[in-house]
Amino acid sequence: MADTTTYRLILIGFGAAGQGLARILRDRGSWLEQRYGVDLRIVAVCTRNRGTVYNTTGIDPAVLLDAVAQTGHLRNLPDQRDWAPEDMIERADADVLVELSATNLADGEPATSYVRLALENNLHVITANKGPIALHLPELRRLATEAQLYLGYEGTVMSGTPALRLAWSSLAGCEISEIRGIVNGTTNYILTQMEQGLSYADVLAEAQRLGYAEADPSGDVEGYDAAAKAVILANVLMNAHLSLSDVERMGITTLTRDTIEAARAAGERWKLIARVWREGEQVRASVQPTRLPLSHPLAGVGGATNAITYTTDLLGDVTLIGAGAGGTATGFAIISDILEMHLLWGR
Ligand code: HSE
C-alpha cells in the first residue's frame, strides 16, 4: 500500500457543513485512507456556543455527531478547552484549518481573521465560507502563496459540485465570456416548493432544517448569497475585481404565491438567476429573479440543485448541474479540496 499522509484538521464551526464533513469521515475515513493515502483526523472543533474540544490524537467523528444529535452541543465531551478559535489556531498541533463558521458578507469576519492567522501559523486553509473569499481573496491568496500553503474554497460555489474546479482546471485554455445559472440552493428550493402550493414561511423553515439556508437566511432570500458567488466566479474565473456592491441584486422576497402562479399559468417558472458577463473591458454581474419558459434548460432545475453554464470561446456552452447546498454536499467540498491539496502538496 502507498504511504499514508496524516492531516490533522481544526474545524471552526460545527453546523450543517461541519457535521456533513464528520459524517463522511465517520463513514468512509478508512476508505479514503486506503484509496488515496490520506489519514484525516479531526483534532479540534471550535464552536461559538456549543463547546470547543481538542485532542491531539484525533476525535472520533461518530462521537462528535452523537453528542450533537443527543444534546445539541459538544460540552459534555472530554478534552474540552476554554480556548477561542485564535488560541486553537496558534496552539493546536494541526495541519489544516477547515473554516466553516457562519458567513458574514458585511466584512467577512471573524472568518477572515481566522484564515489569516492560520496562514501565519503554517496551516493550510480550506473553507466553504463565502465571506473571506468574496471579500478578501486577493490578500488571502497572496498570504497563502507567500507561505507556500494551500487555500481551498471549492465549497463556496455550488457546495461540492465542482463549479470552480471545472472551470479553473478542466476548461483552462478556454476564454469564459459569460457565466449564468442558479447558484443558491435555498431560494431554488423555496421557489420549487411554493410552486407546489406550500407557504413561503413553511418552506423557508424546511430549507433551514435541511441545512441549505445560511444562519441568517436573509442572505439567501435577498440575493446576497448568490451575489457573493457571482463575485467569486467573476474574480476567480474572469480575472475581475468585483465587490459585492458591484452586483446588481434583487432577491426573491418580492415573489408571492400569486406571481408564481401567474408564471405557472403562462407555462413559465421563476428562477433566481446569477449572471456574470464581459462588457467591453469590464466584467459585470447581476442576480435577478427571472421568468423562464418551461423549455429553458434552467427551468427544470428544481429543489436545492444548482446549475451553471459557462459560455466559452472554444467549446461553446458547458453546463454543470448538481447539488448546491446541504451538509453532505458541502462536507464533500472540503474532502475534494483536501484531496487536491494532497495531490499538490502531499508526500
Ligand atoms: N445557503 C447557501 C445556498 C448554501 O442555499 O445555496 C450553499 O452555499
Side-chain angles (χ1 to χ4, degrees), residues 1-48 50-101 114-115 117-119 121-129 149-152 155 160 327-328 330-347:
M1 200 181 80
D3 290 347
T4 295
T5 305
T6 299
Y7 293 100
R8 296 164 300 174
L9 315 179
I10 298 174
L11 270 59
I12 297 187
F14 202 63
Q19 291 174 46
L21 174 62
R23 274 196 305 277
I24 296 171
L25 295 180
R26 177 194 65 191
D27 297 343
R28 58 178 67 189
S30 306
W31 179 79
L32 288 167
E33 183 168 350
Q34 283 165 22
R35 176 74 177 80
Y36 299 103
V38 292
D39 169 21
L40 307 181
R41 296 188 192 179
I42 298 174
V43 294
V45 181
C46 304
T47 75
R48 193 189 298 230
R50 295 186 295 160
T52 288
V53 286
Y54 170 55
N55 184 315
T56 185
T57 60
I59 304 165
D60 184 344
V63 169
L64 294 167
L65 290 164
D66 287 348
V68 168
Q70 285 163 19
T71 65
H73 58 77
L74 306 173
R75 291 192 296 270
N76 297 337
L77 294 183
D79 307 312
Q80 290 293 315
R81 290 290 191 282
D82 185 17
W83 293 356
E86 290 89 339
D87 299 322
M88 189 66 79
I89 291 166
E90 289 185 327
R91 295 169 69 169
D93 279 328
D95 306 292
V96 186
L97 175 72
V98 180
E99 212 299 327
L100 298 171
S101 66
Y114 299 153
V115 172
L117 191 63
L119 295 171
N121 280 271
N122 204 32
L123 296 175
H124 299 293
V125 174
I126 295 176
T127 186
N129 191 322
L149 292 163
Y150 180 79
L151 175 64
T328 304
T330 309
F332 170 70
I334 305 303
I335 296 289
S336 74
D337 275 345
I338 290 173
L339 293 176
E340 180 182 77
M341 175 185 73
H342 180 62
L343 278 176
L344 293 172
W345 299 89
R347 279 164 277 156

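Start at 1 with the first residue, then count along the sequence. Model, not experiment: these values are computed from the prediction.
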Side-chain heavy-atom pair Val68, Phe14 within 4.5 angstrom cut-off: yes
Separation of Cys46 SG from Glu86 CD (nearest 0.5 Å): 9.0 Å
Thr330 side chain vs Gly327 backbone, donor-acceptor pair below 3.5 Å: no
Heavy-atom donor-acceptor pair, Asp87 side chain to Ala84 backbone, under 3.5 Å: yes
Pair His342, Tyr36: side-chain N/O donor-acceptor within cut-off below 3.5 Å: no
Min side-chain heavy-atom separation His73-Asn76 under 4.5 Å: yes
Gap between atom CD1 of Ile89 and atom CG of Asn122 - 0.5 Å precision: 13.0 Å
Donor-acceptor under 3.5 Å (His124 side chain, Leu149 main chain): no
Side chain to side chain, Leu40 and Leu32, heavy atoms closer than 4.5 Å: yes
Residue pair Val98 / Ile10, side-chain heavy-atom distance below 4.5 Å: no
salt_bridge(Arg41, Asp39) N-O dist < 4.0 Å: yes
Rounded distance (nearest 0.5 Å) linking atom CG of Leu74 with atom CG of Asp66: 11.5 Å
Donor-acceptor contact below 3.5 Å, side chain Gln19 vs main chain Leu21: no
No-hydrogen, no-angle side-chain donor-acceptor test under 3.5 Å, Tyr54 and Gln80: no
Pair Thr127, Asn129: side-chain N/O donor-acceptor within cut-off below 3.5 Å: no
Side-chain touch Leu9/Asp95, heavy atoms, less than 4.5 angstrom: no
Any side-chain heavy-atom pair of Thr52 and Asp82 under 4.5 Å: no
Thr57 backbone acceptor or donor facing Asn55 side chain under 3.5 Å: yes
Min side-chain heavy-atom separation Ile338-Ile126 under 4.5 Å: yes
Gap between atom CG of Leu119 and atom OH of Tyr150 - 0.5 Å precision: 12.5 Å
Neighbour count >12 (heavy atoms, 6.0 Å) for atom CZ, Arg28: no
Ala44 versus Met88, closest heavy-atom pair with distance: CB-SD, 3.6 Å
Close side-chain approach of Val96 and Met341, heavy atoms under 4.5 Å: yes
